[in-house]
Amino acid sequence: MQPRIFWRKVHYWISIVTAAPLLVILGTGLLLQVKKDVHWIQPREQRGRGVAPEISFEQIFAACMAVPQTGIEQWSDIHRMDLRPSRGLLKVVSRSGWEVQIDIADGRVLQTAYRRSDWIESLHDGSWFGGF
């Protein structure tokens, strides 16, 4: 095989290998830019009635357990909680990716939806592929 042909093939395969991660970063970055506008990526924030939390952790946990698709059966099944007093809202994100939005005034569930933005972010920053 001639060196010119050999290096052309090497260049071809190296460009494919380097383009794949760049395309993943580019595509996921674009999705993350529009996550607030595309509700398939991240659920729309609802509005609660409260301005300060008036519910207990037990009420929060009970509200999350009442939604079976979240898979929340114990506190370790909860990934994080995000309090938004200005919207009267508490977001509870389960380890399975489901988000439960709870009214901080009375503890009722405002919305339950699957949250894809965390998974897309882990693809974007490379943590989905393992701990680097």
Side-chain angles (χ1 to χ4, degrees):
M1 181 181 290
Q2 292 181 356
R4 192 177 81 221
I5 295 172
F6 171 76
W7 287 113
R8 190 178 306 148
K9 288 184 180 188
V10 168
H11 182 265
Y12 174 79
W13 287 106
I14 288 176
S15 65
I16 290 174
V17 169
T18 57
L22 290 174
L23 290 174
V24 168
I25 292 170
L26 177 69
T28 55
L30 290 172
L31 288 174
L32 290 171
Q33 286 292 315
V34 298
K35 71 181 179 181
K36 298 279 185 181
D37 301 319
V38 180
H39 303 297
W40 177 82
I41 299 171
Q42 181 172 310
R44 178 181 313 198
E45 281 188 357
Q46 303 298 314
R47 280 208 174 269
R49 294 179 303 152
V51 292
E54 298 176 18
I55 56 175
S56 67
F57 280 112
E58 290 80 20
Q59 289 173 299
I60 295 168
F61 188 68
C64 293
M65 281 185 53
V67 182
Q69 61 261 46
T70 62
I72 295 175
E73 296 176 355
Q74 51 192 355
W75 280 104
S76 61
D77 295 330
I78 295 175
H79 182 254
R80 70 177 177 270
M81 291 186 201
D82 184 10
L83 178 63
R84 305 282 171 103
S86 63
R87 295 189 69 90
L89 174 71
L90 174 74
K91 292 182 185 182
V92 179
V93 181
S94 71
R95 295 213 179 268
S96 63
W98 282 87
E99 177 181 282
V100 181
Q101 295 183 17
I102 301 170
D103 189 334
I104 60 174
D106 57 11
R108 67 186 166 92
V109 174
L110 300 172
Q111 175 178 308
T112 303
Y114 190 73
R115 183 183 176 99
R116 293 170 181 84
S117 61
D118 297 334
W119 178 76
I120 293 170
E121 186 175 331
S122 70
L123 276 177
H124 182 73
D125 66 16
S127 62
W128 184 80
F129 300 102
F132 293 108

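Below, each value reflects all heavy atoms present in this structure, side chains not excepted, and no hydrogens, waters or symmetry copies.
Of all non-hydrogen atoms in Ser86 and Arg47, the two that sit nearest each other are O-NH1, 3.4 Å. Closest heavy-atom contact between Gly107 and Ala63: O-CB, 3.7 Å. Considering all non-hydrogen atoms of both residues, Tyr114 and Pro43 come closest at O-CG, 3.9 Å.
Applying the 4.5 Å side-chain rule to ILVMFWY residues, one finds Ile55, Phe57, Ile60, Phe61, Met65, Val67, Ile72, Trp75, Ile78, Met81, Leu90, Val92, Val100, Ile102, Ile104, Val109 in the same cluster as Leu83. Chaining together hydrophobic side chains whose heavy atoms lie under 4.5 Å apart places Leu110 alongside Leu89.
Atom OG1 of Thr70 sits about 14.5 Å away from atom NE2 of His79, to the nearest 0.5 Å. Atom OG of Ser96 sits about 9.0 Å away from atom CD of Gln69, to the nearest 0.5 Å. Interatomic distance, NE2 of His39 versus CD of Glu45, reported as 10.5 Å (0.5 Å rounding). Atom CG of Leu123 sits about 11.5 Å away from atom CG of Asp118, to the nearest 0.5 Å. To the nearest 0.5 Å, atoms CZ (Arg95) and OG (Ser76) are separated by 7.0 Å. Note that CG of Leu31 is 9.0 Å distant from CH2 of Trp119, once rounded to the nearest 0.5 Å.
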N/O donor-acceptor pairs under 3.5 Å from side chains in residues 3-17, not counting sequence neighbours:
residue : atom : partner : partner atom : Å
Ser15   : OG   : His11   : O            : 3.2
Ser15   : OG   : Tyr12   : O            : 2.6

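More than 12 heavy-atom neighbours from other residues, nucleotides or ligands sit within 6.0 angstrom of CZ on Arg80.
Donor-acceptor pairing under 3.5 Å is recorded for the side chains of Gln46 and Gln111.
A salt bridge links Arg84 to Asp82: at least one charged side-chain nitrogen sits closer than 4.0 Å to a carboxylate oxygen.
There is no path of hydrophobic side-chain contacts, each under 4.5 Å, that joins Leu30 to Ile41. At a threshold of 4.5 Å between side-chain heavy atoms, the hydrophobic network of Ile, Leu, Val, Met, Phe, Trp and Tyr places Leu22 and Val24 in two separate groups. A continuous path of hydrophobic side-chain contacts links Trp128 to Ile120 [ILVMFWY only; heavy atoms under 4.5 Å].
Without hydrogens or angle criteria, Gln101 side chain to Arg44 main chain gives a donor-acceptor distance under 3.5 Å.
When the options Lys91, Arg87, Arg49 are evaluated for a salt bridge (Lys or Arg N to Asp or Glu O under 4.0 Å) with Asp103, the one that passes is Arg49.
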